[in-house]
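The structure appears right after this line, and notes come after that.
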Amino acid sequence: QILGRDYINIENIKEGDEVIGDDGNLHKVTFKFESPYTDKMYTINSINRIPVDATKEHPFHVIKKFQRGNRSKNKNEIISKPKWTEAQNLQVGDYVGTPIIKPTVLRTLLPVDRLGSFSRDVILDDKFARFLGYYVGNGYSVNHPSVNRIAVCFNLKHKDKIEDCRSIMTDIFGKHVFERVDHNYIHLGIHDNQLKDFFHLHCGEDVYSKKIPNFILHHENEEFLRQFLIGYLRTDGTVMISKGVTRGISYSTVSRTLALQTQAALLRLGGLPGIKIKPSCTTIFPNGKEYNCRESYSIQCSSKLVMDKL
């Protein structure tokens with residue numbers, strides 16, 4: 001289930017929450033009922049989507065595919081209109097719908113800190129949207145009694161990205177940018193407790209809870225979303241090239257919420273992105289030390305329309 005900010009399990013939804021309907025709009029939950037269920041559960045696997053577990057009567061918006069013509073020659077397809085279909089009646093070959101988010105956010109003044117009548121705000125523009133992409137891709141925060149800061153890390157060879165990020169941080173936050181070089185990497189940071197809380201709230205507290213800010217994903221100005229995805233692509237993304245030809249783009253994350261949001265964001269830009277899941281595993285190094293890898297996600301899109309935008 002998708003809320004205005006996060007993806008959560010359906011049992012955790014409360015009255016008053018907003019969920020995205022099949023029309024892509026936010027709808028307020030007015031009533032919730034629960035009942036014991038001991039019948040069969042269904043796992044719905046479909047191409048380009050994360051598997052979904054559902055009760056047998058749970059409805060899915062489905063398009064059935066029909067074929068006509070000679071099967072030994074080129075097939076012409078007739079696509080039916082979407083129809084609500086219970087999980088128990090789904091068949092292999094059905095197309096399961098995914099809503100395309102309709103923008104609802106207009107504001108561009110974002111409050112960072114309020115103390116009485118005093119307010120410190122950040123203006124949402126193209127540069128700040130791109131910085132948020134940098135942060136979600138390679139950013140982190142330090143939460144310590146004596147030090148509170150946000151920071152973004154880059155490989156030293158990416159001088160253009162470093163300069164762009166440094167310039168944005170200086171212009172937007174008006175503070176000294178702390179820089180620390182560690183082997184082949186540079187960390188650009190700002191010491192600010194309220195700013196750290198702002199990024200925790202809107203971008204997640206750690207790598208496993210990273211997310212696209214609601215005011216970016218749902219904003220009516222699509223350019224903000226495009227700039228965010230550019231920053232994210234420059235840090236935790238890859239341009240897929242085969243035999244000298246660009247085949248698509250790919251984003252990587254260990255955050256399930258971020259994976260689903262990135263898919264929704266690319267859908268808004270006109271693409272048809274897919275999600276590949278790498279199961280959790282344990283790797284044993286030659287020295288015998290074990291390293292546990294959590295489940296990770298790769299969001300890939302080969303749409304020329306999206307690649308031209310990014």
Side-chain angles (χ1 to χ4, degrees), residues 2 7 24 46-51 95-101 103 125-140 152-155 157-165 168 185 203-204 207-219 221-279 293-310:
I2 313 172
Y7 285 68
S46 56
I47 298 174
N48 298 332
R49 291 181 50 158
I50 291 177
Y95 290 93
V96 180
T98 298
I100 298 177
I101 292 176
D125 58 12
D126 295 351
K127 291 193 299 182
F128 185 50
R130 190 164 67 253
F131 175 75
L132 288 165
Y134 285 144
Y135 181 84
V136 168
N138 269 12
Y140 63 93
V152 183
C153 178
F154 294 95
N155 190 299
K157 66 181 181 181
H158 297 150
K159 298 185 183 301
D160 57 335
K161 301 174 186 176
I162 294 170
E163 182 53 39
D164 183 41
C165 186
I168 293 174
Y185 295 89
C203 300
V207 68
Y208 302 108
S209 63
K210 284 284 184 72
K211 58 188 176 183
I212 301 176
N214 177 46
F215 54 78
I216 291 286
L217 186 60
H218 296 266
H219 206 284
N221 189 341
E222 189 180 282
E223 182 62 18
F224 295 156
L225 181 60
R226 190 181 80 88
Q227 289 294 331
F228 173 90
L229 290 171
I230 288 174
Y232 185 21
L233 183 64
R234 290 178 178 179
T235 48
D236 230 0
T238 304
V239 177
M240 300 183 293
I241 300 176
S242 176
K243 297 180 180 180
V245 179
T246 300
R247 304 295 183 182
I249 57 174
S250 175
Y251 295 90
S252 300
T253 181
V254 292
S255 166
R256 186 174 186 271
T257 290
L258 180 56
L260 291 165
Q261 286 181 320
T262 303
Q263 184 181 47
L266 293 170
L267 278 169
R268 268 200 68 185
L269 294 189
L272 189 61
I275 300 180
K276 291 186 177 181
I277 304 175
K278 184 178 180 180
C293 301
R294 292 180 61 164
E295 184 176 80
S296 60
Y297 309 89
S298 175
I299 307 92
Q300 299 179 357
C301 184
S302 57
S303 166
K304 186 178 184 303
L305 178 61
V306 170
M307 289 190 289
D308 289 343
K309 290 181 179 181
L310 303 180

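Remark: Y251 OH to Q263 CD distance equals 13.0 Å, nearest 0.5 Å. To the nearest 0.5 Å, atoms CG (L266) and CD1 (I100) are separated by 11.5 Å. Annotation: the span from D126 atom CG to I168 atom CD1 amounts to 10.0 Å, rounded to 0.5 Å. Going from atom NZ of K211 over to atom CG of L217 covers 11.5 Å, rounded to the nearest 0.5 Å. Atoms CD and OG, from E295 and S255 in turn, are 11.5 Å apart once rounded to the nearest 0.5 Å. Rounding to the nearest 0.5 angstrom, the gap separating the CD atom in Q300 from the CD1 atom in I249 is 10.0 Å.
Ion pairing between a basic and an acidic side chain is recognised when a charged N comes within 4.0 Å of a carboxylate O; K127 and D164 show no such pairing. Between K304 and D308, at least one side-chain N (NZ, or NE/NH1/NH2) sits under 4.0 Å from a carboxylate O, which counts as a salt bridge.
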Evaluation steps, side chain to side chain contact (heavy atoms under 4.5 Å, CB included), between R49 and T98 = CA-CA 9 Å; R49 291 181 50 158; T98 298; 3.2 Å; yes
I would like to know whether S209 and T257 meet side chain to side chain contact (heavy atoms under 4.5 Å, CB included); could you show each step before the answer?
-> CA-CA 7 Å; S209 63; T257 290; over 6 Å; no
Check against side chain to side chain contact (heavy atoms under 4.5 Å, CB included), V136 and L258 = CA-CA 9 Å; V136 168; L258 180 56; 3.6 Å; yes
Where do K309 and E222 land on the salt bridge (Lys or Arg N to Asp or Glu O under 4.0 Å) test, with the steps shown first?
-> CA-CA 11 Å; K309 290 181 179 181; E222 189 180 282; 3.3 Å; yes
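When side chains are defined from C-beta on, I212 counts as touching I216, because their heavy atoms get closer than 4.5 Å. By the 4.5 Å heavy-atom criterion applied to side chains, L310 and R226 are counted as neighbours. Using a 4.5 Å cut-off on side-chain heavy atoms (C-beta onward), R247 and S302 make no contact. Counting heavy atoms from C-beta on, the side chains of Y297 and S252 never come closer than 4.5 Å. Counting only heavy atoms from C-beta outward, the side chains of Y134 and R130 approach each other to under 4.5 Å. Inter-residue side-chain proximity for I101 and L267 is flagged as unmet; no heavy-atom pair is nearer than 4.5 Å. Side-chain contact check for R268 versus P103: some heavy-atom pair is nearer than 4.5 Å. In this structure, C165 and F131 have side chains that are in contact, with non-hydrogen atoms separated by less than 4.5 Å.
Remark: side-chain polar atoms of N155 are not paired, donor with acceptor, to backbone N or O of H158 under 3.5 angstrom. Side chain of N138 to backbone of F154: no donor-acceptor contact under 3.5 angstrom is found. A side-chain donor-acceptor contact under 3.5 Å links K210 to the backbone of Y135.
Considering all non-hydrogen atoms of both residues, L269 and L305 come closest at O-CD2, 3.7 Å. Considering all non-hydrogen atoms of both residues, G270 and S303 come closest at O-OG, 3.9 Å. C301 and G271 make their closest contact through SG-CA, 4.1 Å (heavy atoms, listed as atom of the first residue, atom of the second, distance). The nearest pair of heavy atoms linking N48 to P273 is CB-O, 3.8 Å. Considering every non-hydrogen atom in both A259 and I275, the closest pair reads O-CD1, 3.7 Å. When all heavy atoms of V254 and Y208 are compared, the closest pair comes out as CG2-CD2, 3.5 Å.
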Result block: side-chain N/O donor-acceptor pairs under 3.5 angstrom for residues 235-244, not counting sequence neighbours:
{"unit_1": "T235", "atom_1": "OG1", "unit_2": "G231", "atom_2": "O", "d": "3.1"}
{"unit_1": "T235", "atom_1": "OG1", "unit_2": "Y232", "atom_2": "O", "d": "3.1"}

